[in-house]
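In listed order, ligands and their atoms are each counted from 1. What you are looking at is a predicted structure, and each value in this text was computed from that prediction instead of being measured.
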Amino acid sequence: MLTSMSNRSGRQVGVFGGTFDPPHVGHLAIALEVRHTLALDEVWFVVAGDPWQKSDERSITPASIRLIMVEAAVAGAPGVQVSTIEIDRDGPSYTADTLTNLTAAHPNDTFHLIIGSDAAAGLDTWHRPDVVAELARVVVVGRGGRQGGRPPAGWRFTLTDVPVLEVSSSDLRRRVGEGAPIRGLVAAGVADLIDSYGLYQELS
Ligand code: ATP
């Protein structure tokens with residue numbers, strides 16, 4: 001957990017935000033690939049407390065359960081940490097607020113915001129996109145190959161190829177609801193938690 005981390009200066013840090021409902025092998029593959037390709041010191045999974053872009057569409061698993069699933073998903077992965085910064089904060093989980101808080105807490109570090117290409121095209125619709133652009137370098141990872149979306153005009157970004165893994169949290173929720181297997185698509189510890197909490201039994 002990040003609360004135990006030192007404030008050593010000058011790190012290159014990937015910030016990988018998501019709902020992670022549930023976290024899957026695609027998420028971890030992205031984090032590790034971007035860390036390797038951009039030679040980042042660390043990648044922090046930032047678990048959305050209130051994912052405002054998704055919470056109107058379906059019911060979201062409580063943040064406390066998504067957090068322990070993410071911890072299980074990244075256990076043992078080198079250079080990968082889990083941040084509770086958005087869970088600890090009240091209100092909608094705006095990336096602009098997260099980057100503001102992270103920059104204040106770690107002023108010497110450089111933050112790289114990792115987003116899927118499906119999310120890139122909507123960057124202008126995010127809360128305070130000017131703050132996001134100012135406080136982080138945007139890293140767009142391919143989802144579905146090179147045809148994915150790009151940030152709107154005016155955004156500076158790096159495009160990074162990652163192994164294409166056709167897995168999504170929504171597909172995993174659907175599979176659980178249908179009784180289809182998910183082991184291999186999520187870490188064993190995540191599958192165990194989904195079983196023990198009885199998550200996703202009803203299609204959302
Ligand atoms: P859902 O299917 O519920 O929308 P998701 O699988 O996209 O969820 P999120 O928690 O929303 O999971 O993802 C966090 C980030 O990871 C987003 O930027 C998303 O675009 C990206 N991402 C998720 N899965 C993949 C994947 N297989 N390949 C590339 N990017 C991905």
| request: Under 4.0 Å from a heavy atom of Ser168: give me the atoms of ligand 1 that qualify, with their elements. | output: 2 (O), 6 (O)
| field | Asp161 to Glu33 - nearest heavy-atom pair and separation | value | O-CG, 3.8 Å
| message | Can you name the atoms of ligand 1, numbered from 1 with element, that are less than 4.0 Å from a heavy atom of Arg173? | response | 3 (O)
| query | For Ser117 and ligand 1, does the shortest N/O to N/O distance drop below 3.5 Å? | reply | no
| said: Give the atom numbers and elements of ligand 1 that come within less than 4.0 Å of a heavy atom of Asp118. | reply: 19 (C), 20 (O)
| Numbered atoms of ligand 1 (with element) below 4.0 Å of Gly18, judged on heavy atoms | 10 (O), 14 (C)
| request: List the atom of Asp50, the atom of Gly91, and the distance in Å for their closest heavy-atom pair. | output: CB-O, 3.6 Å
| query | Closest approach of Ser93 and Glu86, non-hydrogen atoms and distance? | reply | CB-OE1, 3.2 Å
| query | For Gly26, is at least one N or O under 3.5 Å away from an N or O on ligand 1? | reply | no
| query | ring-ring contact (aromatic ring centres under 6.0 Å, His included) between Trp44 and His106: does it pass, once the steps are laid out? | reply | CA-CA 13 Å; Trp44 299 349; His106 309 281; 5.3 Å; yes
| Sub-3.5 Å N/O-N/O distance, Ile30 and ligand 1 | no
| Heavy-atom pair with the smallest gap, counting every atom of Leu165 and Gly26 | CD1-CA, 3.8 Å
For residues 128-141, dump all side-chain donor-acceptor pairs below 3.5 Å to protein atoms at least two apart in sequence or in another chain.
{"unit_1": "Arg128", "atom_1": "NE", "unit_2": "Asp130", "atom_2": "OD1", "d": "3.2"}
{"unit_1": "Arg128", "atom_1": "NH2", "unit_2": "Asp130", "atom_2": "OD2", "d": "3.0"}

Side-chain donor-acceptor pairs of residues 13-20 under 3.5 Å, sequence neighbours excluded:
none

| said: Evaluate Ser169 for polar contact with ligand 1, using N/O atom pairs at a separation under 3.5 Å. | reply: yes
| query | With a 4.0 Å cut-off on heavy atoms, does Gly17 reach ligand 1? | reply | yes
| note | Tightest non-hydrogen contact, residues Ala31 and Phe45, listed as CB-CE1, 3.5 Å
| task | Please identify which atoms of ligand 1 are closer than 4.0 Å to at least one heavy atom of Phe20. | result | 10 (O)
| said: Test of understanding: given a 4.0 Å heavy-atom threshold, classify the contact between Glu166 and ligand 1 as side chain, backbone, both, or neither. | reply: neither
| query | Do Val141 and ligand 1 have an N or O pair less than 3.5 Å apart? | reply | no
| query | Is there a nitrogen or oxygen of Phe16 sitting under 3.5 Å from a nitrogen or oxygen of ligand 1? | reply | no
| note | Residues Pro152 and Ala121: closest non-hydrogen pair is CG-O, 3.5 Å
